[in-house]
Amino acid sequence: MKVLVVGKGGREHAFVWKLAQSNKITKLYAAPGNPGMAQHAECVNIEDSDLEGLADFAKKENIDITIIGPEAPLDAGIVDLFESRGLTVFGPTQKAAQIEADKDYALELMHKYNVPTAPYETYTDATVAKNQLKEWQHPLYLKVSGLAAGKGAIHCETLEDSYKTVDEVLVDHKFGSSGDKLVAMGFLDGEEASIFGFTDGKDIVCIVPAQDHKTIDEGDVGLNTGGMGAYAPAPIITPELFEDIVERVMKRTVDALAKEGRPYKGILYGGIIVTKDGPQVIEFNCRMGDPETQAVLSLMKTDLMDVITAVCNGTVADLDIELDTRAATTVVMASGGYPVAHETGFPISGIEAAEALGEVTVFHAGTNVKDGQLVTDGGRVLAINAVGDDIRASIDKAYEAVAKISFKDHYYRRDIGHRVLARLEE
Ligand code: AMP
Ligand code: GLY
């Protein structure tokens, strides 16, 4: 089969790395790809925003399946476009992708179909919002309804914080049209986990749960980022909780979307908080998580192409995904200053030495090649993943690998997996 992966981050590198192990693939392309992906795939210079260009390429090269990594092209309707041209594509349609791209819609759906989540309300007018928010208990979350690259959820400790956010979003339009609707959501207290399911719109198979560390600073404080590290499995999700989440969150949502005439195909990502009242949804995403993908796919034994084919063929009911019973940890190395202003273009060294440790894979997130030298080219630069016999072993191995890699002003969190280590010490 000829396969095209769309995207250029660490998540897509992990897809390409895993797909390269499949004997069903005769030719692998990535668009636009990155230097890490170029080790396994031919990179073609088409951005993920160029939907027509991607469809033209898939048609011309007779691509059998195109796999969409990021949410932006899904929200822009890449699946609808490909399908209208008779091309097979892995990912949800634009209408189904609204589960991520419109938080107001997602919460309405969850409430309608009794998927456990927090109370919410949506505002478009600043005066109305401020009046109503007086009635809300704080802390709470205010979220721009549209896509905001992981930066659109604002923790409001006090009513003053809420007022400030209302002004930023509904008056100053800091988030552009993504902030046309502002969603207030009750605060969910507890530990977070990411659940990923492969679905064809009828059935869903969920794989090993992961935990992500979203903030820039150690101790899970500071500004939100795309994700600074992850590990899997996340022990907070016991087998009983997992069953419960699969039934009441993941299956229920797939059924709900089908009933609403928006059958969902691809990966459904449930962001869960385990509260004292059980698991509750903070959000859904219409794609895999980054950097959770790097950890999770390193534990998948089944050929990823078989899983993707089952989703595209509507045969997920017959799918049995075999998982490695060990653990994986991913540590993100970022440019100093990220998630705000940062410099790029610095030479990167030590990747080979890191991978020589064994069971270590260095995924590229923001890299480029200049004059034959690998250089930094983004906020999140590399995601270093290690597999170990248990979580602790995978964490130690990941940090051993990180220590081998260097570039100017690099930053990484030294506490990825701290919650699970603390629990082990209890
Ligand atoms: P989101 O962009 O919706 O994924 O939110 C980003 C982060 O904010 C999440 O990973 C959570 O840590 C936190 N968060 C979002 N919504 C809530 C909520 N309702 N209660 C508690 N934490 C939340
Ligand atoms: N790592 C969180 C996300 O991909 O949304």
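Remember, it's 1-based here, ligands and their atoms both numbered in the order they're listed. Small disclaimer: the values here were computed from a predicted structure and weren't measured.
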* May I ask you to check whether Leu188 has an N/O atom sitting below 3.5 Å from an N/O atom of ligand 1? => yes
* Asked: For Asn224, is at least one N or O under 3.5 Å away from an N or O on ligand 1?
  -> no
* Asked: When only distance counts, is Gly186 in polar contact with ligand 1, meaning an N/O pair under 3.5 Å?
  -> yes
* Asked: For atom 4 (O) of ligand 1, what is the nearest protein heavy atom, given as residue, atom name and distance?
  -> Glu283 OE2, 2.5 Å
* By ring-ring contact (aromatic ring centres under 6.0 Å, His included), which residues pair with Phe175, not counting sequence neighbours? -> none
* Asked: So, Tyr231 versus Gln211: side-chain donor-acceptor pair below 3.5 Å or not?
  -> yes
* Is Tyr141 touching ligand 1 with its side chain, its backbone, both, or neither, if touching means heavy atoms under 4.0 Å apart? -> side chain
* Applying salt bridge (charged side-chain N to carboxylate O under 4.0 Å, His left out), which residue pairs with at least one partner in residues 287-305 are found, sequence neighbours left out? -> Lys24-Asp303, Glu71-Arg287, Glu100-Arg287, Asp290-Arg380, Lys301-Glu322
* Does the pair Arg413/Asp415 count as a salt bridge with the N-to-O cut at 4.0 Å? -> yes
* Asp390/Arg392 salt bridge by N-O under 4.0 Å criterion -> no
* Asked: Does the side chain of Phe198 come within less than 4.5 Å of Ile321's, by heavy atoms?
  -> yes
* Asked: Is Leu382 close to Thr367 at the side-chain level, that is, under 4.5 Å between some pair of heavy atoms?
  -> yes
* Structure fact -> Closest to atom 17 (C) of ligand 1 (heavy atoms only, candidates Asp220, Asn285, Ile282) is Ile282
Put together the list of close N/O pairs, under 3.5 Å, between ligand 2 and the protein, could you?
unit_1: ligand 2; atom_1: 1 (N); unit_2: Asp212; atom_2: OD2; d: 2.7
unit_1: ligand 2; atom_1: 1 (N); unit_2: Gly226; atom_2: O; d: 3.2
unit_1: ligand 2; atom_1: 1 (N); unit_2: Asp290; atom_2: O; d: 2.8
unit_1: ligand 2; atom_1: 1 (N); unit_2: Glu292; atom_2: OE1; d: 2.8
unit_1: ligand 2; atom_1: 4 (O); unit_2: Arg287; atom_2: NH1; d: 2.8
unit_1: ligand 2; atom_1: 4 (O); unit_2: Asp290; atom_2: N; d: 2.9
unit_1: ligand 2; atom_1: 5 (O); unit_2: Arg287; atom_2: NH1; d: 3.2
unit_1: ligand 2; atom_1: 5 (O); unit_2: Arg287; atom_2: NH2; d: 3.1

* Asked: Which ligand 1 atoms does Met185 reach within 4.0 Å, using its non-hydrogen atoms?
  -> 19 (N)
* To do: For residues 127-150, pull every pair meeting salt bridge (charged side-chain N to carboxylate O under 4.0 Å, His left out), keeping only residues two or more places apart or in separate chains.
  => Lys130-Asp167
* To do: Return yes if a side-chain donor-acceptor contact under 3.5 Å exists between Tyr120 and Glu108, otherwise no.
  => no
* **Selection from His155, Lys143, Glu100 by shortest heavy-atom distance to atom 3 (O) of ligand 1** => Lys143
* To do: Evaluate the ring planes of His13 and His40, with Trp represented by its six-membered ring, and classify them as parallel (under 30°), tilted (30 to 60°) or perpendicular (over 60°).
  => tilted
* To do: May I ask you to list the atoms of ligand 1 that are less than 4.0 angstrom from any heavy atom of Phe187?
  => 20 (N), 21 (C)
* Structure fact -> heavy-atom search around atom 2 (O) of ligand 1 in the protein gives Ala153 CB, 3.6 Å
* Could you tell me whether the side chain of Ile405 reaches within less than 4.5 Å of the side chain of Ile384, counting heavy atoms only? => yes
* **His138 and Phe187 aromatic centres sub-6.0 Å** => no
* Structure fact -> Note: Ile273, heavy atoms under 4.0 Å from ligand 1, region reported as side chain
* Nearest-neighbour protein heavy atom for atom 9 (C) of ligand 1, which is reported as residue plus atom name and distance -> Glu192 OE2, 3.3 Å
